[in-house]
Amino acid sequence: MIDISKDIQYLKGVGEKRAALFKKKGIKTVEDLLYYFPRSHEDRSQMKEIADCTEGETVCLSVTVFSPVREARIRKNLLISTMVVSDETGALNVVWYNNRYVKGQFMTGDEYILYGKITRNRGKMEIVNPVFEKKGAERFMGKIVPL
């Protein structure tokens with residue numbers, strides 16, 4: 001049985017450094033941790049198809065990479081990476097701002113799950129800066145995720 005008034009650093013897997021991070025959030029004891037609730041959540045459990053998406057909604061999509069990532073440097077401090085993804089019902093542009101690492105992440109034909117907000121740019125729907133995971137290796141997709 002754990003004493004809930006015990007300092008959090010003595011929990012297995014916490015230690016001194018991680019306890020210092022918890023203390024910044026006001027969590028000093030096991031009891032503090034038990035009563036620390038998320039401020040919000042994201043529902044990533046409901047999958048949608050591209051054709052059913054509307055502008056302004058936040059969605060979770062199961063897609064296939066249709067085109068490789070292309071990069072465009074607009075000015076010194078702005079890199080825009082784009083690619084096209086598709087499912088059985090349509091295609092969608094995916095856009096990231098100032099994220100170099102995405103270029104090496106995606107290969108044409110790979111399947112991913114994306115979570116983000118649908119916007120419209122020049123008449124075409126797109127999803128901007130989505131969270132993504134490779135299909136079959138999901139950790140945070142298909143669930144309700146606390147924030």
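Please read all numbers here as calculations on a predicted model, not as lab measurements. In what follows, residues are counted from 1 in the order of the sequence shown. Heavy atoms only: backbone and side chains are in, while hydrogens, waters and symmetry mates are out.
The nearest pair of heavy atoms linking Val95 to Ile80 is CG1-CG2, 3.9 Å. Scanning all heavy atoms of the two residues, the minimum distance from Val94 to Leu114 falls at CG2-CD1, 3.9 Å. Closest non-hydrogen pair, Met141 versus Cys60, comes out as SD-SG, 4.2 Å. For Ile50 against Asp87, the heavy-atom pair with the smallest separation is N-OD2, 2.9 Å. The two residues Thr108 and Ser67 make their nearest non-hydrogen contact at OG1-C, 4.0 Å. The minimum heavy-atom distance between Leu92 and Ile118, with the atom names listed, is CD2-CD1, 4.2 Å.
Between Arg44 and the options Val59, Ile113, Val131, Thr58, a side-chain contact (heavy atoms from CB on, under 4.5 Å) holds for only Val131.
Counting heavy-atom neighbours within 6.0 Å of Arg139 CZ, excluding the residue itself, gives a total of 12 or less. Other residues, nucleotides and ligands contribute at most 12 non-hydrogen atoms within 6.0 Å of the OH atom of Tyr35. Environment of NZ in Lys124: sparse, with no more than 12 heavy atoms of neighbouring residues, nucleotides or ligands closer than 6.0 Å.
Proximity of Lys135 to Tyr112: side-chain heavy atoms (C-beta onward) are nowhere separated by under 4.5 Å. Within the 4.5 Å cutoff, no side-chain heavy atoms of Pro130 are placed close to those of Leu61.
Remark: Asp110 CG to Thr64 OG1 distance equals 9.0 Å, nearest 0.5 Å. The distance from atom NZ of Lys28 to atom CG of Leu33, rounded to the nearest 0.5 Å, is 13.5 Å. With values rounded to the nearest 0.5 angstrom, Leu79 atom CG is found 6.0 Å from Arg100 atom CZ.
Evaluation of the ring pair (Phe, Tyr, Trp, His ring centres under 6.0 Å) test over residues 121-147, restricted to residues two or more places apart or in two chains, returns Trp96-Phe132, Phe106-Phe132. For residues 49-61, the set of pairs meeting the salt bridge (Lys or Arg N to Asp or Glu O under 4.0 Å) definition, not counting sequence neighbours, comprises Lys48-Glu57, Glu55-Arg120.
In the hydrophobic cluster analysis, where Ile, Leu, Val, Met, Phe, Trp and Tyr join through side-chain heavy atoms closer than 4.5 angstrom, Val14 is grouped together with Tyr36. No continuous path of ILVMFWY side-chain contacts below 4.5 Å connects Val69 to Met107, so the two sit in separate hydrophobic clusters. Hydrophobic clustering of Ile, Leu, Val, Met, Phe, Trp and Tyr side chains at less than 4.5 Å, counting indirect connections, unites Leu34 with Ile27. Hydrophobic clustering, with ILVMFWY side chains joined whenever heavy atoms are under 4.5 angstrom apart, keeps Phe37 apart from Leu21.
For Asn121, the side chain to side chain contact (heavy atoms under 4.5 Å, CB included) criterion is met by Glu126, not counting sequence neighbours.
Looking at Ser81 and Lys103, their side chains never bring a donor and an acceptor atom within 3.5 Å of each other.
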Should Asp7 and Lys23 be marked as a salt bridge (Lys or Arg N to Asp or Glu O under 4.0 Å) after you check the CA-CA gap, both sets of side-chain angles, and the distance that decides it? CA-CA 10 Å; Asp7 191 305; Lys23 285 181 183 169; 3.6 Å; yes
Take Val30 and Tyr10, measure what side chain to side chain contact (heavy atoms under 4.5 Å, CB included) needs, and give me the verdict at the end. CA-CA 9 Å; Val30 174; Tyr10 299 109; over 6 Å; no
Determine whether Ile8 and Asp32 satisfy the following criterion, side chain to side chain contact (heavy atoms under 4.5 Å, CB included), listing intermediate values before the conclusion. CA-CA 9 Å; Ile8 197 168; Asp32 293 338; over 6 Å; no
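No donor-acceptor distance shorter than 3.5 angstrom exists from the side chain of Asn99 to the backbone of Tyr101, with no hydrogens or angles considered. For Asn93 (side chain) and Val84 (main-chain N/O), no donor-acceptor pair under 3.5 Å exists by modelled atom type.
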